[in-house]
2 protein chains.
Amino acid sequence: MSSRKEPTRQRRGSEQITLKQVAEAAGVSAITASRALNTPERVNDTTRERILEAVERLGYVPNLVAGSLASSRSRFIAVIVPSLANAVFIEVIHGLQETFEAQGYQILLGNTDYDLQREYQLVRTFLGWSCSALVTAGLRHNEACLGLLRQWDKPVMEVMELGEGLDLNVGLDHYGAGRCMAHHLLERGYRSIVYVGACMDRDYRAAMRFSGHREVLEAAGLPAPLVELQRLGSLEAGAEGLDRALAERPEVDAVHFDNDDLAVGALLHAQRRGLRVPEDIAIAGFNGLPLGQHVTPRLTTVLSPRETMGRLAAEQVLKRLENDLDRALAPQRQHDVGFTLLVGEST
Amino acid sequence: MSSRKEPTRQRRGSEQITLKQVAEAAGVSAITASRALNTPERVNDTTRERILEAVERLGYVPNLVAGSLASSRSRFIAVIVPSLANAVFIEVIHGLQETFEAQGYQILLGNTDYDLQREYQLVRTFLGWSCSALVTAGLRHNEACLGLLRQWDKPVMEVMELGEGLDLNVGLDHYGAGRCMAHHLLERGYRSIVYVGACMDRDYRAAMRFSGHREVLEAAGLPAPLVELQRLGSLEAGAEGLDRALAERPEVDAVHFDNDDLAVGALLHAQRRGLRVPEDIAIAGFNGLPLGQHVTPRLTTVLSPRETMGRLAAEQVLKRLENDLDRALAPQRQHDVGFTLLVGEST
DNA sequence: CGTTGCGATGTTAGCGCTAACATCGTTTTA
DNA sequence: TAAAACGATGTTAGCGCTAACATCGCAACG
């Protein structure tokens, strides 16, 4: 007996049905089975039926990890946001998800908690998953992250704000939104206007809105006092913001809040305190969340098209993925989704 | 020249730095480099430093797809929820995410839109990614989905509600929560109570709360009229719900809403209509969202510990993953996170 | 002082799938 | 009618990594 030393190395094979087994059951080769599932039009109708029947009968579940490795395409879309506590990001994610999932892409969601170092780590992980594209909130990243993204050859979409980005960009002008609301408050005749921001050191889009606001006030020869809260926007924080604005500037006649959560929190709190809005104090927000339009008085705010932003961003990415265009060649890389001043009765 | 026919078959290799290149640069074998990254304690200190230096220098990003295929472990956690529009699920996801990400797991999020067929497709996809565990909302799945999950050998966690599940379970008793609020309304003296539900055909947890509610009312000899809305809970829908309740049952003295979004929408709408809450009409909700505690009058509701539910679910799954226990052997498979009646001034 | 044990590293063989090329019979084209 | 084109399927060779086993040098031990 010539010892045909059969290798006995054992792997704890996952015991799952493989494509090869499906192929055998259908009497074809593995690649034909693969084609029947991935590019059905390239397989003869009867053969395909035989294969699909075997898939069904054996309960085959494709191993997507193996498929991705072999093709170096994963159909993952990395989505990085700074927070899940803010409804704004949820709505953008929703827009992204609906559009991407309809095309068979799966979202990989990451949350940075407004930490750029964390963003870098997430990007590294996501690149490791051979994502088809990456969507991230904002135009600011740390150097390491920029380095990775610049040399990456897949679409990178930066959403929420507008400006010169790495690749694709869909967003709105936060600076302009801040200016817009400040103009509105001045037009209404308010002259002692306090801005209340939350975590503006980390949320620089909020800081941009404030700087738009400040510039308008200063151009009108007015001071632009700021109350900074050390926690993220919430109804609770809004109440605190109002109290602090009133305490620090007793003469205040209008408060411009960084977002609608704060503003509505303040509005409800004002009512509890017996303050009339807008007679005693005017209140303005940013975002245009539904909630602001259901309170009485309705909140004056700046409406941002959030789900649209997600949908449009996804569409732009898909367009690039389909055409497989080079980053540099692609036309129309920047999209302004704009904003709308929504005047309620709170100002 | 013996033509040593070198195979010329070309793959469009991703041009990425591979572990092998790192290993060469550090003068070790690939497996040692792999160990330096994954199980650093098994590599000599100086060797490890040399490898890490090469990783840094070359800008190596590990290919997680390849790693997962080789090890058949992906460190993915599949999370399936029926909706992103509802803050409840966002908070559960948040709790899950914080706990899992701290342990180096990545969440794969899927949204079924309350469609069990869609859930089955998501489960198939996620199993194809060799997820380490799967977390899904609810105990009801279609047959195909149950089949897949039953024969899967990794932890399955069913959250939100309580009952006999496939494997692990963390949740609360929705039937009991419905009973609890109904009792409260009876105690308060209301006798003409309408229940307003949203999409109860699809959201069967809502249906369970209603059936608890109905049973209590019927036991007290009262009818339990139901107003069903054909859209998901929102402030808008709550306003509609109130209008319909009043139109269909002019004698109504209390409305038990399916969730806080509806209830708050109704409360704000009542105020716009000039109805006093609770004098003209009492309003109750379910969930204990912060919003309900910021309106005046504060909303009477049932508080569910949502982030805790996510956190606890993640902890239970991690415990199983760490100990690698068999499904059948694991102790304490079911956890009741309970609920609390939160009495505001709206009832 | 041979043997055992152990820590550090290497060799080999896949994980399950698909890109690239090959083959073959049939159809279209010049 | 030979050549080119095409549609359907197969063969081969990886994708980049890690499990399992192998090796080697050195310390511990009876």
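Between B/Ile17 atom CD1 and D/dC15 atom P the separation is 15 Å, expressed in whole Å. In this entry the distance linking CZ of B/Arg42 with P of D/dT18 reads 12 Å, nearest Å. Distance CZ (A/Arg75) to C1' (C/dC17): 16 Å, rounded to an integer number of Å. To the nearest angstrom, P of C/dC17 lies 9 Å from CG of A/Leu37. Going from atom NZ of A/Lys20 over to atom P of D/dT9 covers 20 Å, rounded to whole Å. The interatomic distance linking A/Gln21 (CD) with C/dG16 (P) rounds to 9 Å, in whole Å. Counting to the nearest Å, the C1' atom of D/dT23 and the CD1 atom of B/Ile31 are 15 Å from each other. Rounded to whole angstrom, the span from the CG atom of A/Leu69 across to the P atom of C/dT18 amounts to 11 Å.
For A/Tyr60, counting side-chain heavy atoms from C-beta on, the closest listed nucleotide (C/dG10, D/dG16, C/dC17) is C/dC17. Among D/dG10, C/dT18, D/dG16, the nucleotide with an atom closest to any side-chain atom of A/Asn38 is C/dT18. Side-chain proximity of A/Leu19 to the nucleotides C/dT18, C/dG16, C/dG10 is greatest for C/dT18. Distance from the side chain of B/Asn44 is smallest to C/dA8 among C/dT11, C/dA8, D/dT9. Taking every side-chain heavy atom of B/Ser34 into account, D/dT18 is the closest of C/dC17, D/dC17, D/dT18.
Between the side chains of A/Glu161 and A/Tyr204, at least one donor N or O sits under 3.5 Å from an acceptor N or O.
Of the side-chain N and O atoms in B/Arg35, none sit less than 4.0 angstrom from OP1 or OP2 of C/dG10. Remark: B/Arg73 is not in phosphate contact with D/dT18, judged by side-chain N or O atoms under 4.0 Å from OP1 or OP2. The side chain of B/Ser71 contributes no N or O atom lying less than 4.0 Å from OP1 or OP2 of D/dT18. An OP1 or OP2 oxygen of C/dT9 is reached within less than 4.0 angstrom by a side-chain nitrogen or oxygen of B/Thr47. Contact check, A/Thr32 against D/dT9: no side-chain N or O comes under 4.0 Å of OP1 or OP2.
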When you look at B/Glu24 and B/Lys20, which way does the salt bridge (Lys or Arg N to Asp or Glu O under 4.0 Å) test go after all the steps?
-> CA-CA 6 Å; B/Glu24 268 165 25; B/Lys20 204 170 159 189; 5.3 Å; no
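Take the nearest nucleotide of DNA chain C for B/Ala66 and for B/Arg50: the residue whose nucleotide is more 5' is B/Arg50.
At a threshold of 4.0 Å, the pair A/Asp167-A/Arg320 counts as salt-bridged, since one of the basic side-chain nitrogens sits closer than that to a carboxylate oxygen. A/Glu101 and B/Arg118 are joined by a salt bridge, as a carboxylate oxygen and a charged side-chain nitrogen come within less than 4.0 angstrom of each other.
Among the protein residues, A/Val28 comes within range of the sugar-phosphate backbone only, with heavy atoms under 4.0 Å from sugar or phosphate atoms but none that close to a base. Using a 4.0 Å heavy-atom distance criterion, A/Val43 is classed as a sugar-phosphate-only contact.
For B/Phe76 and A/Trp129, the ring centers sit closer than 6.0 Å to each other.
Between A/Glu119 and the choices A/Thr112, A/Asn142, A/Thr136, A/Asn111, the side chain to side chain donor-acceptor pair (under 3.5 Å) rule is met once, by A/Thr136.
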